[in-house]
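First the structure, in the form of structure tokens, and then the observations on it.
Keep in mind that what you see is a predicted model, and the values were worked out from it rather than measured. Here is the naming used below: chain letters follow the sequence lines, and residue numbers restart at 1 for every chain.
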Amino acid sequence: MGTYRPDSNLPSPAPGPTSPLINRRDVIRAALLAGASCALGPALSFAQTAVPELTPAQRGWDESKNLADPNWKPAFLNDGQNETLIAVSDLIIPATDTPGAKQAMVNRYLDLVLAGEPAESQQKFLDSLNYIDSESQRLFTKEFRALTPEDQSDLLRPLAYPLRPSHWGNEDHPDLGVTHFDRLKSMIAVAYYTSEVGQRELGWDGSFTHGPFQGCEHPPTSHK
Amino acid sequence: MPQDVPQQTYDAIVVGSGATGGWAAKRLAEAGLKVALLEAGRAVSPKEFTEHVPAYRLKYRGHSPEIERTRAVQKQCYACMEYNYEWFVNDLENPYSTPADRPFSWQRLRIVGGRSLVWGRQSYRLSDTDFKAASRDGYGDDWPLSYADLAPYYDIVERYVGITGAAERNEMLPDGQFLPPMQMTCGEVRLRERAKAKFGRTLTIGRAAIVTQTHNGRAACHYCGPCERGCSTFSYFSSPFTTVKDAVKSGNCMLITNAVVSHVDMDNEANQARGVTYVDRLTKETKQVRGKAVILCAQALESTRILLNSSTREYPHGLANSSGVLGHYLMDHVAGGGASGTFDDFNILPSANPPHRPNGIYMVRFRNTPTSGKHPHFIRGYGFQGGSGPEFDMKATGMGAEYKKAVKQGSYRISLGAFGESLASWDNFCEIDANLKDAWGIPALRISMAHGKNEAALMRDAGVTAAEMLEAAGAKSISVQTSFGIPGMAVHEVGTARMGNDPKKFVLNAFNQAHDVKNLFVTDGSCYVSSACQNPTLTMMAITVRACDHLIDRFRRSDV
């Protein structure tokens with residue numbers, strides 16, 4: 001070892017509240033955040049400008065409860081658009097033996113997302129929603145949300161599958177409706193399947209571990 | 001004025017607490033040297049881990065407008081999410097520039113542990129085909145060390161870190177000290193069998209820095225999935241809870257957080273580094289630490305930036321840069337070529353339940369090997385990473401109950417994506433941008449890099465070979481990808497302070513010691529001479545341990 005032996009004179013880091021690696025400065029910041037700033041004196045006032053550098057998730061916040069607020073009001077959509085979105089989402093992902101989009105509050109989550117989006121993305125979404133209403137006016141001379149569920153489904157269903165040009169001749173812009181529908185559907189699907197309802201629908205039982213990963217157990221060259 | 005750092009002279013100052021800095025601190029401190037470990041960011045606590053937080057508990061379920069606002073570059077990294085974005089640097093505080101037609105994505109963390117907190121964990125040895133590549137095909141330079149030089153250090157690192165993997169006896173990818181391998185899915189086994197039978201190519205389970213049994217006090221992986229958010233059982237390797245912890249526990253290492261190192265201080269008369277200057281990240285005070293040796297482990301571009309910002313009268317173009325190559329030969333793996341498809345005959349349904357295997361498959365490089373002969377269109381090669389298994393199908397057509405059913409039915413998918421060698425080129429470089437400073441007043445980098453013709457040819461070939469192997473395995477609906485990401489996207493940047501024996505051509509010698517300044521070491525990825533195609537972290541760690549052992553030996557001989 002020569003002359004370089006462990007040296008007990010070296011300062012060891014102050015024990016932190018959570019980790020041996022948290023140093024004194026972090027302890028001070030933690031204390032400040034706990035409201036103890038006045039006790040530490042003016043020499044350390046610089047630390048008061050420090051904010052906790054943690055994401056809401058790292059702070060343990062559960063933000064899913066906000067969507068279930070009984071006094072919820074849309075932040076981006078108007079009431080009519082919100083109702084149209086609820087109707088469209090619940091037709092694309094209806095309640096079956098499991099809950100559908102409405103119960104998963106897909107509209108509320110999308111309203112939240114849209115409120116934080118750039119204006120261009122917001123407008124694209126509204127264009128697609130408006131397309132549904134303009135088709136409803138054209139075909140039924142009513143707003144979409146005023147149609148019977150049967151008529152609503154009739155309107156959307158042709159848009160839910162890829163369109164092939166008919167050999168009897170093409171309509172103008174045959175893909176327009178499909179494009180608008182796909183935009184709404186993909187956003188609704190993400191909103192639904194990332195919700196707790198959606199995760200349960202996909203079989204999640206609420207746990208984070210079920211033992212080691214089990215791989216293929218077939219004999220060689222016979223994988224089914 | 002509160003003084004955090006005692007005015008003492010450490011034996012060694014280690015800059016950066018990530019994968020390599022953690023090892024340097026551990027190795028030196030456990031050998032009895034007095035070490036100051038400087039980290040630009042704050043400490044990290046297991047209380048911040050969010051791997052068991054379901055997406056629906058997040059306001060935006062993964063992608064928040066705050067990331068758009070403060071992390072325009074960092075969000076390009078798949079691991080930077082609403083869960084953990086505060087671990088990544090704030091791009092508004094940490095600017096860099098690029099030429100308009102040469103974009104570069106610089107993804108980084110400033111926090112104890114650095115990128116080891118969120119890394120992909122894939123861990124592969126390089127072989128002599130990589131270390132001696134220039135001798136074989138005439139391009140570039142050989143490394144100043146061989147596989148035999150590094151093998152014992154790979155052993156040391158693997159035994160401590162814990163690498164899950166399977167031995168394959170393939171000369172392109174030397175086997176290591178493996179913990180039990182994770183298991184392959186049916187689709188992966190089928191591809192492994194057919195690729196070997198029809199093409200003689202080797203597909204193996206990913207070799208990953210995740211422990212599959214209790215190892216050095218860390219519990220086995222519990223297969224929850226998203227390692228990049230932290231791990232409550234410390235099953236994947238990250239430096240704060242392993243190497244850095246050991247270093248501090250030794251009693252010989254002072255961890256100094258929030259120390260943004262601006263430059264190395266020189267004793268010009270003695271031509272020796274005498275320490276570093278740093279800016280306190282929170283108070284913006286300038287402080288100094290004195291040491292007998294300085295070891296930069298700040299990540300290739302950051303270490304190079306520190307040296308470029310350390311110019312003196314003797315070294316006007318950057319410290320230890322008498323060769324003029326500092327900053328040049330920047331490399332980052334080219335990634336993106338490959339193929340994907342479906343296996344329609346497997347009747348296995350997807351599930352949202354764990355276990356989720358945090359690891360994939362790896363196909364060993366098969367182009368331009370000693371046995372394959374030379375390819376007519378490109379030099380070097382690529383390895384494939386990927387996986388196969390049942391997935392939910394949100395893109396199913398239709399609506400209503402049928403759509404819900406189709407999503408759950410899903411499809412059994414398979415995909416392969418290549419990481420290809422990035423050729424060392426003088427024209428790919430970083431320099432100081434005279435007009436740009438970070439939030440601490442430290443001059444920022446201008447990075448200029450583009451993938452070239454050889455990289456494009458590798459990715460085109462990767463698309464073709466991936467498709468032919470998927471077809472041979474019986475996959476359907478195959479789609480091919482031959483395009484590739486901009487430099488930086490592989491987050492394997494290396495090469496800006498290359499090592500070699502000739503002081504006129506290389507910054508560092510074979511022990512990562514600067515040719516110009518004998519008590520200055522750089523042991524992160526900047527020492528790379530060629531990029532190979534394997535993920536670099538394991539090799540960086542092994543090289544760090546080798547360099548530190550060399551330094552310890554010099555200390556024992558009182559040669560510092």
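Using a 4.5 Å cut-off between heavy atoms, B/Pro355 touches chain A through backbone and side chain atoms alike. Proximity to chain B is absent for every atom of A/Asn66, based on heavy atoms less than 4.5 angstrom apart. Heavy atoms of B/Met182 lying under 4.5 Å from chain A are absent altogether. In this structure, the portions of B/Tyr85 lying under 4.5 Å from any heavy atom of chain A include both its backbone and its side chain. Contacts of B/Glu82 with chain A are made by backbone atoms alone, with heavy-atom separations under 4.5 Å and no side-chain atom involved. Contacts of A/Tyr193 with chain B are made by side-chain atoms alone, with heavy-atom separations under 4.5 Å and no backbone atom involved. The part of B/Glu402 that comes within reach of chain A is its side chain, from C-beta onward, which places non-hydrogen atoms under 4.5 angstrom from that chain. Contacts between B/Ala396 and chain A at a heavy-atom distance below 4.5 Å involve the backbone alone (N, CA, C, O). Only the backbone of A/Ala95 has a heavy atom closer than 4.5 Å to any heavy atom of chain B. Using a 4.5 Å cut-off between heavy atoms, A/Leu159 does not touch chain B at all. In this structure, no portion of A/Glu117 lies under 4.5 Å from any heavy atom of chain B. In this structure, chain A has a heavy atom under 4.5 Å from the side chain of B/Thr50, while its backbone stays farther away. Of the atoms belonging to A/Lys185, it is side-chain heavy atoms, and not backbone ones, that fall under 4.5 Å from chain B. Residue B/Asn90 does not touch chain A at all, counting heavy-atom pairs closer than 4.5 Å.
Most heavy-atom pairs under 4.5 Å with chain B, from the set A/Pro118, A/Gly60, A/Gly211: that is A/Gly211. Contact count versus chain B (heavy atoms, under 4.5 Å) is highest, among A/Trp204, A/Tyr161, A/Trp61, A/Tyr109, for A/Tyr109. Among the candidates A/Gln214, A/Glu201, A/Lys65, A/Arg200, the residue making the largest number of heavy-atom pairs closer than 4.5 Å to chain B is A/Glu201. Per-residue counts of heavy-atom pairs under 4.5 Å with chain B were compared for A/Gln199, A/Gln58, A/Glu63, A/His210; the largest is that of A/Gln58. Between chain A and the residues B/Glu66, B/Arg557, B/Lys404, B/Arg194, the most heavy-atom pairs under 4.5 angstrom are made by B/Lys404. Most heavy-atom pairs under 4.5 Å with chain B, from the set A/Val113, A/Leu91, A/Asp90: that is A/Leu91.
Between B/Phe346 and B/Tyr412, the ring planes are tilted. Angles from 30° to 60° get that label.
Contact of the A/Val106 side chain with the A/Ile93 side chain is not registered, since no non-hydrogen atoms from C-beta on lie closer than 4.5 Å. With contacts defined as side-chain heavy-atom distances shorter than 4.5 Å, the pair B/Leu33/B/Asn252 does not qualify. Here the side chains of A/Phe144 and A/Leu129 are not in contact, with every heavy-atom distance at 4.5 Å or above. Looking at heavy atoms from C-beta onward, B/Gln183 lies out of side-chain contact with B/Arg357 at the 4.5 angstrom threshold.
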Verdict with reasoning, B/Arg281 to B/Glu93, per salt bridge (charged side-chain N to carboxylate O under 4.0 Å, His left out): CA-CA 11 Å; B/Arg281 190 176 65 91; B/Glu93 295 176 339; 5.5 Å; no

Trace of the salt bridge (charged side-chain N to carboxylate O under 4.0 Å, His left out) decision for B/Lys34 with B/Asp11: CA-CA 5 Å; B/Lys34 298 171 197 170; B/Asp11 291 325; 5.6 Å; no

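The two residues B/Pro240 and B/Val112 make their nearest non-hydrogen contact at CG-O, 3.2 Å. Across all non-hydrogen atoms, the minimal contact from B/Phe392 to B/Lys408 is CD2-CA, 4.0 Å.
Between the side chain of A/Gln103 and the backbone N or O of A/Gly100 there is no donor-acceptor pair closer than 3.5 Å.
When ring centroids are compared, B/Phe241 and B/Phe49 come within the 6.0 Å threshold.
No side-chain N or O of A/Thr96 forms a donor-acceptor pair with one of B/Lys405 less than 3.5 Å apart.
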